[in-house]
Amino acid sequence: MIKKNAQYIDKGSFQQDLLGWYHANKRDLPWRKDQDPYKVWVSEIMLQQTKVDTVIPYFYRFIEKFPTIHALAAAEQQDVLKAWEGLGYYSRARNLQNAVKEVVSSYGGEVPRNPDELGALKGVGPYTKGAILSIAYNQPEPAVDGNVMRVFSRVLKVEEDIALQKTKKLFESHVRELIYEDDPSSFNQAVMELGALICTPKSPSCMICPVQIHCSAFKAGIQEDLPVKTKAKKQRIIPYIILLVRNSKNEYIIEKRAENGLLANLWQFLMVPINEIGWDHLENWVYSEYGLKVKIGTKKGKLKHVFSHLIWQLDIYEAATEQEQLPDDRLLFVEKGNLESFPFPVSHQKMMKYLGE
DNA sequence: AAGCCGGGGAC
DNA sequence: GTCCCAGGCTT
């Protein structure tokens with residue numbers, strides 16, 4: 001039985017109602033066609049902080065391009081990033097390939113079923129570890145994500161802040177107690193499916209919920225008030241001048257971003273942090289930063305791009321250079337028609353409509 | 001514990 | 001505008 005401040009629940013009846021609903025209503029998703037641990041792994045990484053409908057086309061393309069662990073391990077990172085382009089959180093792609101290489105070199109290409117070995121892989125945290133172990137290997141391990149915390153915060157009327165680490169551990173212990181050991185894969189997926197389809201953040205469909213009679217929050221009429229979660233901070237606004245620099249051969253200058261941090265190893269048009277530089281020193285800064293002499297032209301447009309923790313305010317200008325040689329390793333001349341072979345952040349993809357002919 | 005790390009869709 | 005999504009890593 002459930003302890004602490006949570007309410008009691010009839011475990012067998014809850015499992016039966018939840019799993020019965022799941023088997024009758026689960027979505028036909030591409031990563032549910034088999035239990036290939038590699039495909040389960042790829043899907044779970046893509047699904048981190050990302051909706052199912054967004055992931056589906058990426059998953060198809062990714063598996064077609066990298067069908068096996070060995071294929072992904074042998075790929076160029078730029079090709080992996082290109083397949084991830086637009087999905088966001090690009091460290092997921094870099095970590096996944098890093099981990100896949102580790103699986104090839106240390107585990108003969110087989111995804112570890114040992115929890116400690118699996119959890120030690122880059123990008124495999126507590127949730128993903130539990131998801132792979134339960135879904136691919138049928139082990140009764142908890143896989144606690146946002147859905148699971150929302151569902152059980154309501155069913156068990158847990159009123160602790162789900163942003164806290166200790167609250168997540170509390171839910172893991174609840175799942176260990178409640179999990180259906182004959183089919184932990186279906187149990188974990190059923191809770192998440194319920195969270196996605198019925199027990200939604202706003203306006204949950206309690207009237208058609210298969211576990212309504214088990215739900216303490218519904219009984220108390222406070223399901224809309226759970227889960228409790230502290231609010232995120234507001235984003236900082238950072239203004240940039242974007243320079244669409246073109247040479248006499250009608251090629252554009254793009255720059256490879258740093259190998260760590262925001263949008264790592266993706267490509268972009270030149271970005272000038274105008275607040276730090278100031279308009280008067282703009283061309284001088286470009287020369288000191290890149291050894292590049294440019295003439296700023298006319299303004300072509302503006303964009304606002306929102307990240308989870310900051311906002312880019314982008315003013316886009318065309319610019320020209322007469323240099324033939326690029327003095328900086330980060331920079332590259334590329335014809336307009338070849339830009340699509342490089343991975344770009346979405347914000348810079350949106351700038352391409354301002355390029356000339 | 002808090003900050004960093006994308007992008008999109010629902011409301 | 002707000003929230004949050006099948007989270008993890010770093011400090």
Side-chain angles (χ1 to χ4, degrees), chain A residues 26-27 29-32 39-59 81 84-96 98-99 118-136 142-151 161-168 171-172 175 185 187-197 199-204 224 227 229-236 238 257-258 260-266 268 303-312 343-350:
Chain A
K26 66 176 176 181
R27 289 169 291 180
L29 302 175
W31 45 89
R32 287 179 177 162
K39 284 189 256 183
V40 171
W41 186 3
V42 170
S43 72
E44 291 302 340
I45 300 297
M46 287 188 170
L47 285 162
Q48 290 171 8
Q49 299 295 291
T50 310
K51 289 223 173 14
V52 164
D53 289 341
T54 303
V55 167
I56 289 173
Y58 282 92
F59 179 81
L81 288 174
W84 211 269
E85 184 185 54
L87 199 51
Y89 287 134
Y90 298 92
S91 66
R92 294 184 294 176
R94 294 183 286 116
N95 288 337
L96 174 61
N98 182 307
L118 183 59
L121 296 171
K122 283 271 194 303
V124 180
Y127 163 77
T128 304
K129 178 174 69 171
I132 293 173
L133 290 175
S134 61
I135 297 172
V144 175
D145 70 335
N147 286 310
V148 175
M149 289 197 282
R150 184 172 58 258
V151 168
D161 182 359
I162 65 168
L164 299 178
Q165 195 174 326
K166 52 184 287 191
T167 308
K168 183 175 179 177
F171 284 114
E172 286 174 348
V175 171
S185 168
F187 182 88
N188 281 342
Q189 292 187 80
V191 180
M192 292 188 276
E193 197 83 337
L194 189 73
L197 300 181
C199 196
T200 49
K202 277 169 279 189
S203 306
E224 302 260 14
K229 186 181 181 183
T230 51
K231 296 191 198 326
K233 286 179 57 179
K234 280 184 60 178
Q235 302 103 321
R236 287 182 302 128
I238 308 180
R257 293 180 60 86
N260 289 303
L262 184 67
L263 305 166
N265 285 347
L266 273 66
Q268 65 183 22
L303 287 173
K304 186 174 85 165
H305 194 79
V306 178
F307 298 90
S308 48
H309 60 300
L310 54 89
I311 298 173
W312 279 357
F344 283 88
V346 166
S347 52
H348 284 257
Q349 293 178 46
K350 290 177 179 171

Asker: Could you state the CD-P distance from Gln165(A) to dG3(B), rounded to the nearest angstrom?
Answerer: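 Atom-to-atom, Gln165(A) to dG3(B), this comes out as 15 Å.
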Asker: Classify Arg94(A) by what it touches in the nucleic acid, base, sugar-phosphate, or nothing, heavy-atom distance under 4.0 Å.
Answerer: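 Nothing, no nucleic acid heavy atom in range.
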Asker: Please give, in whole Å, the distance from dG7(B) P to Gln48(A) CD?
Answerer: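 Value for this atom pair: 16 Å.
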Asker: Using whole Å, what does the distance between atom P of nucleotide dG7(B) and atom CG of Leu310(A) come to?
Answerer: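 It is 11 Å, rounded to the nearest whole Å.
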Asker: Counting any heavy atom closer than 4.0 Å, what does Val52(A) reach on the DNA or RNA strands: base, sugar-phosphate only, or nothing?
Answerer: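 Contact class for Val52(A): base.
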Asker: Look at all strands and tell whether Leu96(A) reaches a base, only sugar-phosphate, or nothing, counting heavy atoms closer than 4.0 Å.
Answerer: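 No contact.
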Asker: Can you find a heavy atom in the side chain of Glu172(A) that is under 4.5 Å from one in the side chain of Val175(A)?
Answerer: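 No, every pair of side-chain atoms sits at 4.5 Å or beyond.
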Asker: Testing the 3.5 Å rule here: is there a donor-acceptor pair between the side chains of Arg257(A) and Gln268(A)?
Answerer: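 Looking only at side-chain atoms, Gln268(A) and Arg257(A) do form a donor-acceptor pair, the distance falling under 3.5 Å.
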Asker: Below 4.0 Å from chain A heavy atoms, what is the first contacting nucleotide of DNA chain C and what is the last?
Answerer: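 Here the contact window of chain A covers dG1(C) to dC9(C).
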Asker: What integer distance in Å separates Leu87(A):CG from dG8(B):P?
Answerer: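 My rounded result for the distance is 10 Å.
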Asker: Base, sugar-phosphate alone, or nothing: which one does Gly86(A) contact when heavy atoms must sit under 4.0 Å apart?
Answerer: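 Sugar-phosphate contact only - Gly86(A) comes under 4.0 Å of backbone atoms but never of a base.
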Asker: Given dG7(B), is OP1 or OP2 found less than 4.0 Å from the side-chain N or O atoms of Tyr90(A)?
Answerer: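 It does, given that an N or O in the side chain of Tyr90(A) lies less than 4.0 Å from OP1 or OP2 of dG7(B).
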Asker: Give Trp312(A) one of three labels, base, sugar-phosphate or nothing, depending on what nucleic acid heavy atoms sit under 4.0 Å from its own.
Answerer: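 Trp312(A): no heavy atom of the nucleic acid under 4.0 Å.
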Asker: Taking only N and O in the side chain of His309(A), is any of them less than 4.0 Å away from OP1 or OP2 of dC5(B)?
Answerer: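 Yes, such a contact exists.
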Asker: Using the P atom in both, what is the distance from dG6(B) to dT10(C), to the nearest Å?
Answerer: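 One P to the other, the span is 14 Å.
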Asker: Please classify the nucleic acid contact of Arg32(A) as base, sugar-phosphate, or nothing, using heavy-atom distances under 4.0 Å.
Answerer: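 Arg32(A): base contact, heavy atoms under 4.0 Å.
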Asker: Test of understanding: with salt bridge (charged side-chain N to carboxylate O under 4.0 Å, His left out), list the residues that count as partners of Lys39(A), not counting sequence neighbours.
Answerer: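 Testing Lys39(A) for salt bridge (charged side-chain N to carboxylate O under 4.0 Å, His left out), a comparison that skips the adjacent residues, returns Asp34(A).
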Asker: OP1 or OP2 of dG3(B) sitting under 4.0 Å from any side-chain N/O of Lys233(A)?
Answerer: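 Checking Lys233(A) against dG3(B): at least one side-chain N or O falls below 4.0 Å of OP1 or OP2.
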Asker: With Leu133(A) as reference, evaluate Leu118(A), Thr128(A), Val40(A) under the side chain to side chain contact (heavy atoms under 4.5 Å, CB included) test and give the passing residue.
Answerer: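 Per the side chain to side chain contact (heavy atoms under 4.5 Å, CB included) rule, the option paired with Leu133(A) is Leu118(A), out of Leu118(A), Thr128(A), Val40(A).
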Asker: Pairing donors with acceptors under 3.5 angstrom, does anything connect the side chains of Arg92(A) and Thr50(A)?
Answerer: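 Their side chains do contain a donor-acceptor pair, which is all the 3.5 Å distance test asks for.
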Asker: What interatomic distance, in whole Å, is found between P of dA6(C) and the corresponding atom of dC5(B)?
Answerer: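 Nearest-Å result for dC5(B) against dA6(C) at atom P: 23 Å.
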Asker: Can you check nucleotides 9-11 of chain B for protein contacts, nitrogen or oxygen pairs under 3.5 Å, and list what you find?
Answerer:
none

Asker: Looking at every strand, decide which applies to Lys166(A) at a 4.0 Å heavy-atom threshold: base, sugar-phosphate, or nothing.
Answerer: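 Nothing, no nucleic acid heavy atom in range.
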Asker: Does the gap between the ring centers of Tyr58(A) and Trp84(A) come in under 6.0 Å?
Answerer: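 No: the rings miss the under 6.0 Å criterion.
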Asker: Between dG6(B) atom P and Arg236(A) atom CZ, what is the distance in whole Å?
Answerer: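 For the pair Arg236(A) CZ and dG6(B) P, the rounded distance is 14 Å.
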Asker: When the distance from NZ of Lys122(A) to C1' of dC5(B) is rounded to whole Å, what number comes out?
Answerer: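 So the NZ-C1' distance, Lys122(A) to dC5(B), works out to 16 Å.
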Asker: Look at all strands and tell whether Ser43(A) reaches a base, only sugar-phosphate, or nothing, counting heavy atoms closer than 4.0 Å.
Answerer: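 Answer is nothing: Ser43(A) stays at 4.0 Å or more from every strand.
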Asker: Which part of the nucleic acid does Phe307(A) contact within heavy-atom distance under 4.0 Å: base, sugar-phosphate only, or nothing?
Answerer: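 Answer is sugar-phosphate: Phe307(A) comes under 4.0 Å of backbone atoms only.
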Asker: What orientation do Trp312(A) and His348(A) show, parallel under 30°, tilted 30 to 60°, or perpendicular over 60°?
Answerer: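 Ring orientation of Trp312(A) relative to His348(A): perpendicular.
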Asker: Under the salt bridge (charged side-chain N to carboxylate O under 4.0 Å, His left out) rule, collect the residues that match up with Glu85(A), sequence neighbours excluded.
Answerer: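 Partners of Glu85(A) under the salt bridge (charged side-chain N to carboxylate O under 4.0 Å, His left out) test: Lys82(A).
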Asker: Contact class for Lys304(A) vs. all strands (heavy atom < 4.0 Å): base, sugar-phosphate, or nothing?
Answerer: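 Since only primed, P, OP1 and OP2 atoms lie under 4.0 Å of Lys304(A), the category is sugar-phosphate.
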Asker: In chain order, what residues pass the side chain to side chain donor-acceptor pair (under 3.5 Å) check against Ser185(A), with sequence neighbours excluded?
Answerer: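 Gln189(A).
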Asker: Under the salt bridge (charged side-chain N to carboxylate O under 4.0 Å, His left out) test, which residues partner Glu193(A), sequence neighbours left out?
Answerer: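 Only Arg27(A), Arg32(A) meet the salt bridge (charged side-chain N to carboxylate O under 4.0 Å, His left out) criterion with Glu193(A).
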Asker: How many whole angstroms separate atom CG of Leu263(A) from atom P of dC4(B)?
Answerer: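 Taking atom P of dC4(B) as the reference, CG of Leu263(A) is at 14 Å.
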Asker: Expressed as a whole number of angstroms, how long is the span from Arg92(A):CZ to dG8(B):P?
Answerer: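 Value for this atom pair: 12 Å.
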Asker: Hey, does the side chain of His305(A) come within less than 4.0 Å of dG7(B)'s phosphate (OP1/OP2), counting only N and O?
Answerer: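 Answer yes for this pair, as a side-chain N or O of His305(A) is under 4.0 Å from OP1 or OP2.
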Asker: So which one's nearest nucleotide on DNA chain B is more toward 5', Ser308(A) or Leu164(A)?
Answerer: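 Here Leu164(A) is the residue nearer the 5' end.
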Asker: Indicate the atoms forming the closest heavy-atom contact of Ala163(A) with Thr230(A), along with that distance.
Answerer: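 Result for this residue pair: CB-OG1, 3.4 Å.
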